[in-house]
Amino acid sequence: MKLVTGVIQPHRLDDVKSALEAAGVRGMTVSEASGYGRQRGHTEVYRGAEYTVDLIPKVRIEVLVASEDAASVTEVIVAAAQTGKIGDGKVWTVPVDDVARVRTGEHGVDAL
Amino acid sequence: MKLVTGVIQPHRLDDVKSALEAAGVRGMTVSEASGYGRQRGHTEVYRGAEYTVDLIPKVRIEVLVASEDAASVTEVIVAAAQTGKIGDGKVWTVPVDDVARVRTGEHGVDAL
Amino acid sequence: MKLVTGVIQPHRLDDVKSALEAAGVRGMTVSEASGYGRQRGHTEVYRGAEYTVDLIPKVRIEVLVASEDAASVTEVIVAAAQTGKIGDGKVWTVPVDDVARVRTGEHGVDAL
Amino acid sequence: MAELDSGLTAWMLVSASLVLLMTPGLALFYGGMVRGKAVLNMMMMSFGAMGVVGIVYVLWGWSMSYGNESVGGLFANPFEQFGLGGGGVFDESGEAIISDGLPLIVDVGFQATFAIITVALISGALAERVKFSTWLVFAVLWVTFAFFPMAHMVWGGGLLSGDGPFAGIAEPVDFAGGTVVHINAGVAALVLVLIIGKRKGFGREPMRPHNLPFVMLGAALLWFGWFGFNAGSAYGADGVAGLAWVNTSTAASAAIIGWLITEKIRDGHATSLGAASGIVAGLVAVTPAAGSLSPVGAILLGLVAGALCALAVGLKFKFGYDDSLDVVGVHLVGGLVGTIMIGFLATDGGLFYGGGFNLTVVQIIIAAVAILISGVVTLIIGLALKATMGWRVSDDAEVGGIDLAVHGEAAYESLGGARKTTEVKA
Amino acid sequence: MAELDSGLTAWMLVSASLVLLMTPGLALFYGGMVRGKAVLNMMMMSFGAMGVVGIVYVLWGWSMSYGNESVGGLFANPFEQFGLGGGGVFDESGEAIISDGLPLIVDVGFQATFAIITVALISGALAERVKFSTWLVFAVLWVTFAFFPMAHMVWGGGLLSGDGPFAGIAEPVDFAGGTVVHINAGVAALVLVLIIGKRKGFGREPMRPHNLPFVMLGAALLWFGWFGFNAGSAYGADGVAGLAWVNTSTAASAAIIGWLITEKIRDGHATSLGAASGIVAGLVAVTPAAGSLSPVGAILLGLVAGALCALAVGLKFKFGYDDSLDVVGVHLVGGLVGTIMIGFLATDGGLFYGGGFNLTVVQIIIAAVAILISGVVTLIIGLALKATMGWRVSDDAEVGGIDLAVHGEAAYESLGGARKTTEVKA
Amino acid sequence: MAELDSGLTAWMLVSASLVLLMTPGLALFYGGMVRGKAVLNMMMMSFGAMGVVGIVYVLWGWSMSYGNESVGGLFANPFEQFGLGGGGVFDESGEAIISDGLPLIVDVGFQATFAIITVALISGALAERVKFSTWLVFAVLWVTFAFFPMAHMVWGGGLLSGDGPFAGIAEPVDFAGGTVVHINAGVAALVLVLIIGKRKGFGREPMRPHNLPFVMLGAALLWFGWFGFNAGSAYGADGVAGLAWVNTSTAASAAIIGWLITEKIRDGHATSLGAASGIVAGLVAVTPAAGSLSPVGAILLGLVAGALCALAVGLKFKFGYDDSLDVVGVHLVGGLVGTIMIGFLATDGGLFYGGGFNLTVVQIIIAAVAILISGVVTLIIGLALKATMGWRVSDDAEVGGIDLAVHGEAAYESLGGARKTTEVKA
Ligand SMILES: Nc1ncnc2c1ncn2[C@@H]1O[C@H](COP(=O)(O)OP(=O)(O)O)[C@@H](O)[C@H]1O
Ligand SMILES: Nc1ncnc2c1ncn2[C@@H]1O[C@H](COP(=O)(O)OP(=O)(O)O)[C@@H](O)[C@H]1O
Ligand SMILES: Nc1ncnc2c1ncn2[C@@H]1O[C@H](COP(=O)(O)OP(=O)(O)O)[C@@H](O)[C@H]1O
């Protein structure tokens, strides 16, 4: 099995979620993150002091998949999250030794 | 070494933490997450507009362990987090090349 | 490729970020976390009831790197995050099968 | 009477203070309802109105509303008492002129707060997407061409007052601003959203309130301030003020229940947003009527206003206009409910009290004329600004968050990682 | 005297407004203290009370409290002045009747706000676990059978007043509601938590306040509003009101210090929750005593109340009852401290001022009778509701968060991912 | 006149209540501006001041400020009316003494609130790093040795009053506390930060406000409360109070605009923090001047104060002193702007109204003397406390968050994982 992780623009989350559902993915875990990269940060001003904030809000999506689905799930996320602007994010895949479903104690692909 | 990650119901966190302590685990990292899966989301209502919120609050636990402990730690988490209801979450294991302890610069199992 | 993850003290983030920039790392993803470990938690008091809070605020940094850079990036993080006090955190490395850049759809080291 | 009534003056000083507090209350009420990336901009529209309207009122607002030189019953000469000069508020020796026991300068303060809140009310329709500069210019133009004239027409002895042409049917009643404030602002909101258009993602993306306790606190401050608004409009520390006070509070109570019952039946939940909205709906509806109802009448009015506004806020989804925070559904509808139900519920002249249809008819006429005037004036100002300064911020600014883009600030602390870059220019 | 005192009337209009603001202040004070998943429900208990009690007061509350037809000194006939009719508040011509310089309709407003806040106080004991519908029904029943009668007994010339049977010992003192409001609500809270039971996880799971700045702001609004509560209860804009004002503020100041010192010694920390709680404890204790103390006496009372309440809030852990937000520890204990210490500290008749024990004795009797009556009435209502509607939400709703389950809302914005599903039904 | 003016008394009771509310308003204004890990400590400095100063005022504050036994025009005998005894406030029969229509006990309450807010203002300079115990001791010492004497000098017939030596040049004007409150607090803040030193990371790490809606709400509560501060200082419910009210509100409005324009030009953004700060700057500047300006003069003063303070808050970065929340930039600078511009803008005696330079000169002298006295007194107290109790918390406490370290609390709910450990000690 594989863990596909995507770090994307927050306003693309709904579309990515829909695309994954459409592609048959039945579960995922989402969390908030901040990204640093090529994308220029914004400037905040407080009483005349200017701050450059170079951490930009992102959303992290994690999807556990059968090994053979990793590539296609990656493509689905890339396609749905893409706006073409700098800062769109990354998707990466990590090998997984084992998955268990807490409710039942099942292991392996059945646990997905 | 392995990284065991569990995504569980927030109100099980205290019990899982106690169970891991009891099992001799001396450290872990916890963060907030939201889950999407079989569990039905709830409905929120704002001035007559109904929204289905399908991302449900979860807690993510990450535990670095020696390779041989991965299976038992997984079982400890599963056992302690289980309520038997849909939405109890997943526990998965990923291989780890190396761990370093920041304070000392130690590497490997000593760094856990 | 590798994913180097560091869990560090929040007030070291700025220094770690600078050190990574200086070491040529051009991107990273940061998120909030809470850590449990050797570091003693603090005590909170509410109307005479004392609570021991053993989850301590931390920051998680994730850096995707080419495999050969994993060790050096780890050392950069360790060096910059170190205060020498208990609770400084961990840095670990996980193998990565593939990385994609969302904006362009590029894969592999080019996507970093 | 030229003698000072210190009790009355004390009450009017307090009332003015209470009404001033309503605008930040509104800022919180509105601010809590938008998404976290737009709360500062939302609040700044109210605070900006406190800035420009507060200045303008002293300069020409008072003169245009209550000056002695009426122009066809539509507005008064702005230059006559410009800057509170001209001998209208202070006599030659600089002493405050007292009228009916009250120094007129206190009345200036009281009236200024009405102008501020009315402008601020409109901003609820414009959430998350409007240029701050355009908003400030709009505030000045609209208060000048729509609010001051309406105040003159209704309260300054003009067209819609007891001295106007319709008073022959029956004496029109607007105790504290059903037409001047709520219908006026509600119509302006409707016209503006049609000109400006919807937020990106309206009707598709969820746009949930980011902080409901703020909304509830805001509604509570509005309720508190409304005692000055309504009971202060009695211009007396007496039984009429007492009646207005009780009617105001009772109508708000009843409207909470009216709204919650409606939602519970329709959606299965009684929400906190509903309770807060119900408060405002009840207060809006009782505004023109506070001096004319019995307290039991106020219960009835509150229940009806709560229920009808709860239904009306859904219209924007039906018709697809993005009146973001329901200025139309609450202020226009609530203002109409109150203005028209006076015709039925007024203990003096209302239909239910044997007064016939005349009062109802005149109230409907008044409301209709107000809608017409406010609509036309707002349309002209809105289109002119669209053609010149433009109303909308860029799409990127809107999606990324107007607070950062326009004000250079984020409302709440987030993950560290900021770097101070520029030396401060002092 | 039937002549209007406009200064007094102004002050009472303000006082009523201030006391009305206390209930949202309380909502914030309580709302900040619960967990984030239950803040809306917590606030809605106060806002719901503002809805139903506000209506009920006009209908039969005033008549039951201050009507002319007392039933055995326990309560007055609710139908005599039902809906403020019956010629008690308005004369035949509809004019407000003036009594001692004040239009009675202003007093109606003032008194209504006391009824609202008293009911809302009880909700602190019921945090995070109670059906909203049951709460609203309870509010109506309890205000009718426990509050209006107590107001009648103490202030309306009934059993516990200067006209009652105990007045022979000494004239009992309850300046602004030590028995009627605080002991009454505190006892009701204690009885209800025993009927309803604890939150899941009480005493095991941590239940930390989710937003302490809200708690502090809430306490501040309570302090501000309490000036109307206490100084307004002087029914005069005069030296007595001034003394009550200074005593109120001073007692609150002293109770902050009393509470903080107690905590610092016991726990090693002076907390913000302690400061906020100390404010409330001091205000509660000075409520019955505000007109009878010297300002130095108010310092003493505040210090004692702060310290004792700081100790009392721990009792619930000792005895295992989940008085979630310490209504018993603060309002019952604080109310008793104030009511009884009057016997010592009253400059007119207090033990320390050579007045002997009589005043202390009568104050204890008054308090004891109030506890008994309030306890029995609440027990009956509480059990009846348990048997019929039921008090508790489901375990899942409680664990998952009552805001979502009952009100269909989340207090704060969280990660996106919502989808609009249903067409809005307007 | 010994006869009660109930209207005046009502207004002063309200004004005292309004000014009391300013301190929690300030707590919110300041609390929102610090980082989330220090908000409770920030608010506790205000609440702590409400505790100790509230007690001290009744004991010796009133006597030192307004007692009859002046010591060289610098302060009055603290023992003469200690605890409000000595026959100054109450006569032998315990009745409140009435002076100019007002019971003096009401004035005690009103004046006490000024003492509290002045001390609390200083805390803005000390954010995130100061021992709470040292702060409380400082509050007692400073209010005793700096505030009460200054109140005596300016308002109690002392050195800087119309009875003092400089009155020969022209009668000095401090309507509501430009010197006593704002210059006094501003100087104290500057002296203290020099003694105490900077926050760790000042000028390097970003220290962004953690909650800007709190800042805005705090500013709004200050504005609201300031009506009591300024219009209450008229000691009349009359035209002067009305003028002060209108000038206060108008100056705040104008200062919003003055600040926002300045920022927009300098930084490219009009910020919400700027609007909130502008409000305070305008209110500060108009404080000494509220009774002497025309409303158009108030616009001018507000614009200038807003612009100058917007520039002044950057000085701390230039000169490297950590006046964390800009007490110097807003209160000292704003207080000076208002105090000195009276010399130009006063309609009675100001330069622009043909009054010559005398008034300006005396105002500058008054300000200079106040700066000197406040500076020296604060220096002595500050150094004495540094040598004894110490000012700073440990570095770890500061970096880890003063809320947790000092108060044992976290302001907001965070991830679970707490365990209840100790049995509660009741
Ligand atoms: N090396 C990296 N490791 C981990 N996350 C990264 C890395 N580089 C970029 N990211 C994440 O991807 C986001 C987008 O990257 P950025 O360089 O701004 O744009 P793009 O990917 O479009 O070239 C960043 O905000 C960060 O969250
Ligand atoms: N394929 C997946 N990848 C990552 N996380 C998942 C996946 N499937 C489920 N999850 C996580 O597990 C949680 C529970 O899953 P769900 O399907 O609702 O119930 P159950 O695991 O009991 O069948 C989800 O909320 C989500 O956080
Ligand atoms: N086994 C582990 N797995 C995951 N994270 C860990 C583990 N042990 C420690 N950590 C993380 O590292 C942080 C520091 O660990 P701690 O034991 O307190 O100090 P140190 O690493 O200096 O010995 C913890 O707060 C936690 O976030």
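This one's a predicted model, so the numbers in the text were calculated from it and none came from an experiment. Each chain gets a letter, A, B and so on, in the order the sequences are listed, and its residues count up from 1.
- Remark: aromatic rings of D:Phe202 and D:Phe317 are close, center separation under 6.0 Å.
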Only pairs under 3.5 Å, no angle test: what donor-acceptor pairs are there between chain B and chain D?
unit_1  : atom_1 : unit_2   : atom_2 : d
B:Glu44 : OE1    : D:Arg208 : NH1    : 2.7
B:Glu44 : OE2    : D:Arg208 : NH1    : 3.1
B:Arg47 : NE     : D:Ser277 : OG     : 2.9
B:Arg47 : NH1    : D:Leu325 : O      : 3.1
B:Arg47 : NH1    : D:Asp326 : OD2    : 2.7
B:Arg47 : NH2    : D:Ser277 : OG     : 2.8

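- Of the possible donor and acceptor atoms, one in the side chain of B:Lys58 sits under 3.5 Å from a partner among the backbone N and O of B:Gly87.
- Across every non-hydrogen atom of B:Val109 and B:Ala66, the tightest pair is CG1-CB, 4.4 Å.
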Worked check of side-chain contact (heavy atoms from CB on, under 4.5 Å) between B:Leu3 and B:Thr93: CA-CA 6 Å; B:Leu3 174 67; B:Thr93 305; over 6 Å; no
Evaluation steps, side-chain contact (heavy atoms from CB on, under 4.5 Å), between B:Thr5 and B:Val94: CA-CA 8 Å; B:Thr5 302; B:Val94 162; 5.8 Å; no
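- Note on D:Gly268, D:Pro209, D:Gly329, D:Gly274: by heavy-atom pairs under 4.5 Å with chain B, the leading option is D:Pro209.
- Not a single donor-acceptor pair under 3.5 Å links the side chain of B:Asp69 to the backbone N or O of B:Val65.
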